[in-house]
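Here is the structure we will look at, set down as structure tokens.
Excluded from the calculations below are hydrogen atoms, water molecules and symmetry mates; all remaining heavy atoms, backbone and side chain alike, are included.
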Amino acid sequence: VQLQASGGGLVQAGGSLRLSCAASGFESDYYAIGWFRQAPGKGREGVACLAVKAGRTYYTDFAKDRFTISRDNAKNTVYLQMDSLKPEDTALYYCARADSGYGCYSSKMVSYDYDYWGQGTQVTVSS
């Protein structure tokens, strides 16, 4: 299993970025992709997730109304559209995969269910 995250960059507050997570090395649709982030000096936190087969999504409170997670079936790629970015969104963003849709529920993300992690992509939001 391989996950390739991309799309980070430097953007001004109020701007937008779209992160991509290209997944390969498996064929089942019974999995979840989660986006996580880690800011300097802080712990890792969940951002949003998508349980592919179930079509279930979850957004952490700070991501609601600003971020949208989606999937391109043909490309086996999950996107995180981030709008109205704030300086506090500055962090290294990771995508990760959990088997069988675990890790992504209607009410929460469970980080320890994610067993494959991609490299991070840096998002920097200037004020």
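For the salt bridge (Lys or Arg N to Asp or Glu O under 4.0 Å) test, no residue two or more places apart in sequence or in another chain qualifies with D83. Every residue meeting the salt bridge (Lys or Arg N to Asp or Glu O under 4.0 Å) condition with E45, not counting sequence neighbours, appears here in chain and number order: R37.
The backbone N or O of A23 lies less than 3.5 Å from a partner atom in the side chain of N76, making a donor-acceptor pair. Looking at S100, its side chain never comes within 3.5 Å of a backbone N or O of Y102 through a donor-acceptor pair. A donor-acceptor contact shorter than 3.5 Å is absent between the side chain of Q119 and the backbone of Q4. Within the 3.5 Å criterion, the main-chain N or O of I69 finds a donor-acceptor partner in the side chain of Y59. T90 places no side-chain N or O within 3.5 Å of a backbone atom of T124 that could act as its donor or acceptor partner.
Two residues are said to be in side-chain contact when any heavy atoms from C-beta on lie closer than 4.5 Å; R71 and V52 meet this criterion. The closest side-chain heavy-atom distance from L50 to R56 is not below 4.5 Å. The side-chain heavy atoms of L92 and T121, taken from C-beta on, include no pair separated by under 4.5 Å. Considering only heavy atoms from C-beta on, M82 comes within 4.5 Å of L19 through its side chain. The side-chain heavy atoms of D72 and Y79, taken from C-beta on, include a pair separated by under 4.5 Å. Contact check for V47 versus F67: side-chain heavy atoms found under the 4.5 Å cut-off.
Of all heavy-atom pairs spanning G118 and Y94, the tightest one is O-CD2, 3.5 Å. Nearest heavy atoms, V1 versus R97: CG1-CD, 3.9 Å. Of all non-hydrogen atoms in C21 and W35, the two that sit nearest each other are CB-CZ2, 3.5 Å. The heavy-atom pair separating S127 from A13 by the smallest distance is CA-CB, 4.4 Å.
Sparse packing is recorded around CG of D65, with 12 or fewer heavy atoms of other residues, nucleotides or ligands lying under 6.0 Å away. Counting non-hydrogen atoms of other residues, nucleotides and ligands closer than 6.0 Å to CD of Q2 gives a total of 12 or fewer.
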Show me the donor-acceptor pairs, under 3.5 Å and distance only, between side chains in residues 106-116 and residues at least two apart or in other chains.
unit_1	atom_1	unit_2	atom_2	d
D113	OD2	G103	N	3.2
Y114	OH	G103	O	3.0

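To the nearest 0.5 Å, atoms CZ (R66) and CG (D89) are separated by 4.0 Å. Separation of atoms CG (L10) and CG (L17) is listed at 9.0 Å; rounding is to 0.5 Å. Atom CG of L80 is separated from atom SG of C95 by 10.0 Å, given to the nearest 0.5 angstrom.
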Could you give me the CA-CA distance, side-chain angles and deciding distance for K64 and D61, then say whether salt bridge (charged side-chain N to carboxylate O under 4.0 Å, His left out) is met?
CA-CA 5 Å; K64 290 178 183 177; D61 284 346; 3.2 Å; yes
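Under a hydrophobic-cluster definition in which Ile, Leu, Val, Met, Phe, Trp and Tyr are linked whenever side-chain heavy atoms come within less than 4.5 Å, directly or via other members, Y30 and Y105 are assigned to different clusters.
Two rings, from F36 and W117, have their centers less than 6.0 Å apart. Ring centers of Y31 and F26: under 6.0 Å apart, within the cut-off.
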